[in-house]
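Read through the structure below, which is laid out as structure tokens, and then see the notes.
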Amino acid sequence: MTHATLYNMFVESGFGQYLENIGGMLYQTILALAKMIPSLFPVLLLLLISASQCSATLQHKQPDLIEKSCSIIAGYEDCVRILRSDRRAIKATNVKELAYIILDLCIANATVTLGEVPKLREKYKKDGKIEKALRRCAVEYKKATKVYFRKAVEQLGKKSYLEAQNLAHIGGALGTSCEQEFYFQAPEFSPLWPRNHDLAVLGTVAEGIVSLLRLKKS
């Protein structure tokens, strides 16, 4: 079978029409080249199939629950990054599951930080300003862990979404509040800066995800 015959059979086939629908201009360009140089047709056909498969994959890829949810709240990139880091969130089937997961991450973050504070106080015990800021931060993180985020989870279970949203907001804001202690006491250095930043971001994402439940409820 000659290349020219193969070319004609392909053009007349249903598969050719399928690739044309997906490949568009690329399909027309490759067929034009194949018509001028029939011997190139097998190579060009493989190129077209490969390109069409990529195009079809992109066309059929739909945003998942995480992308859809994060796209309509503040901090899209942080939201996607945080939720994709947790396998539970990847397997979640609804927004409420995401809300429970992000609040759980907030509690975990604040709990770990609270456990680090005594070590830091010992390390900086000779620096009165930093030690004082750390003492105040311990109070803030205890409230974030034991009060605000845990109460947010409780309100989520009661479908009191506005209350849960407000509690998540306050819990996250305590990270910023802790950081301000260092600004006032020891503006040159904050040993908790990365963790304070993380808690503030987590709180913002949690507030946003919970707010989506209010939208669905209305």
Side-chain angles (χ1 to χ4, degrees), residues 18-19 21-27 50-113 140-141 143-145 147-180 190 192-218:
Y18 167 74
L19 291 182
N21 292 337
I22 295 179
M25 290 298 297
L26 179 61
Y27 173 88
S50 177
S52 299
Q53 286 175 338
C54 291
S55 176
T57 299
L58 290 174
Q59 286 179 12
H60 288 91
K61 184 179 183 300
Q62 298 295 327
D64 60 13
L65 177 64
I66 291 176
E67 291 172 341
K68 287 180 181 178
S69 301
C70 292
S71 67
I72 49 179
I73 67 173
Y76 171 79
E77 292 183 357
D78 285 326
C79 178
V80 171
R81 172 180 58 79
I82 291 168
L83 290 175
R84 287 212 186 288
S85 69
D86 193 296
R87 290 184 179 180
R88 296 172 299 170
I90 295 173
K91 296 179 180 179
T93 58
N94 57 66
V95 174
K96 194 164 187 176
E97 288 181 32
L98 292 181
Y100 276 117
I101 291 165
I102 189 64
L103 286 171
D104 188 54
L105 291 174
C106 288
I107 293 170
N109 175 278
T111 301
V112 170
T113 302
E140 303 284 27
Y141 270 88
K143 287 191 292 185
T145 306
V147 181
Y148 294 105
F149 290 130
R150 292 196 186 280
K151 282 189 175 180
V153 173
E154 291 175 8
Q155 295 303 314
L156 200 61
K158 297 176 182 178
K159 297 185 179 180
S160 300
Y161 300 135
L162 177 59
E163 184 65 18
Q165 180 184 345
N166 290 335
L167 289 165
H169 170 79
I170 296 171
L174 290 176
T176 303
S177 178
C178 169
E179 191 61 29
Q180 288 176 339
S190 167
L192 281 178
W193 154 246
R195 302 205 66 86
N196 288 335
H197 175 265
D198 287 348
L199 185 66
V201 171
L202 281 165
T204 298
V205 173
E207 179 186 0
I209 293 296
V210 174
S211 73
L212 299 181
L213 295 171
R214 291 178 59 205
L215 294 175
K216 291 183 68 175
K217 189 175 180 182
S218 60

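- For Ser71 (side chain) and Lys68 (main-chain N/O), a donor-acceptor pair under 3.5 Å exists by modelled atom type.
- If you check the side chains of Thr93 and Glu97, you find a donor sitting under 3.5 Å from an acceptor.
- With hydrogens and angles ignored, the 3.5 Å screen pairs a side-chain donor or acceptor of Ser211 with a backbone N or O of Gly208.
- Once rounded to the nearest 0.5 Å, the distance linking CG of Leu212 with CD1 of Ile72 reads 4.5 Å.
- Nearest heavy atoms, Ala144 versus Ala110: CB-CB, 4.3 Å.
- Atom-to-atom distance recorded for Ile90:CD1 and Leu98:CG is 11.0 Å, nearest 0.5 angstrom.
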Side-chain donor/acceptor pairs under 3.5 Å, residues 74-83, sequence neighbours excluded:
residue : atom : partner : partner atom : Å
Asp78   : OD1  : Arg81   : NH2          : 3.0

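- In this structure Asn109 satisfies the side chain to side chain donor-acceptor pair (under 3.5 Å) test with no other residue, sequence neighbours excluded.
- The shortest distance between side-chain heavy atoms of Glu154 and Phe149 does not fall below 4.5 Å.
- In this structure, the side chain to side chain contact (heavy atoms under 4.5 Å, CB included) partners of Leu162, at least two apart in sequence or on a different chain, are Gln165, Asn166, Arg214.
- In this structure the side chain of Leu199 reaches within 4.5 angstrom of the side chain of Tyr141, judged on heavy atoms.
- Using a 4.5 Å heavy-atom cutoff, the side chains of Arg195 and Val112 are in contact.
- Here the shortest heavy-atom pairing between Ala206 and Ala168 reads CB-CB, 4.1 Å.
- Proximity of Leu156 to Leu213: side-chain heavy atoms (C-beta onward) are separated by under 4.5 Å at one or more points.
- Residues passing the side chain to side chain donor-acceptor pair (under 3.5 Å) test with Gln155, sequence neighbours excluded: Ser160.
- In this structure Arg84 satisfies the salt bridge (Lys or Arg N to Asp or Glu O under 4.0 Å) test together with Asp64, Glu67, sequence neighbours excluded.
- Residues forming a side chain to side chain donor-acceptor pair (under 3.5 Å) with Lys151 (at least two apart in sequence, or on another chain): none.
- Between atom CG of residue Leu192 and atom CG of residue Asp198 there is a gap of 11.0 Å, rounded to the nearest 0.5 Å.
- Every residue meeting the salt bridge (Lys or Arg N to Asp or Glu O under 4.0 Å) condition with Asp86, not counting sequence neighbours, appears here in chain and number order: Arg88.
- Judged as a salt bridge (charged side-chain N to carboxylate O under 4.0 Å, His left out), not a single pair has a partner in residues 169-178 (not counting sequence neighbours).
- Applying the side chain to side chain donor-acceptor pair (under 3.5 Å) criterion to Gln180, with sequence neighbours excluded, gives no partner residue.
- Scanning all heavy atoms of the two residues, the minimum distance from Ile209 to Ser69 falls at CD1-CB, 4.1 Å.
- Here Val153 pairs with Tyr100, Leu103, Ile107 under the side chain to side chain contact (heavy atoms under 4.5 Å, CB included) rule; sequence neighbours left out.
- A heavy-atom distance below 4.5 Å is not found between the side chains of Asn196 and Thr176.
- For the salt bridge (Lys or Arg N to Asp or Glu O under 4.0 Å) test, residues two or more places apart in sequence or in another chain that qualify with Glu140 are Lys143.
- Rounded to the nearest 0.5 Å, atoms CD1 (Ile101) and NZ (Lys91) are 10.5 Å apart.
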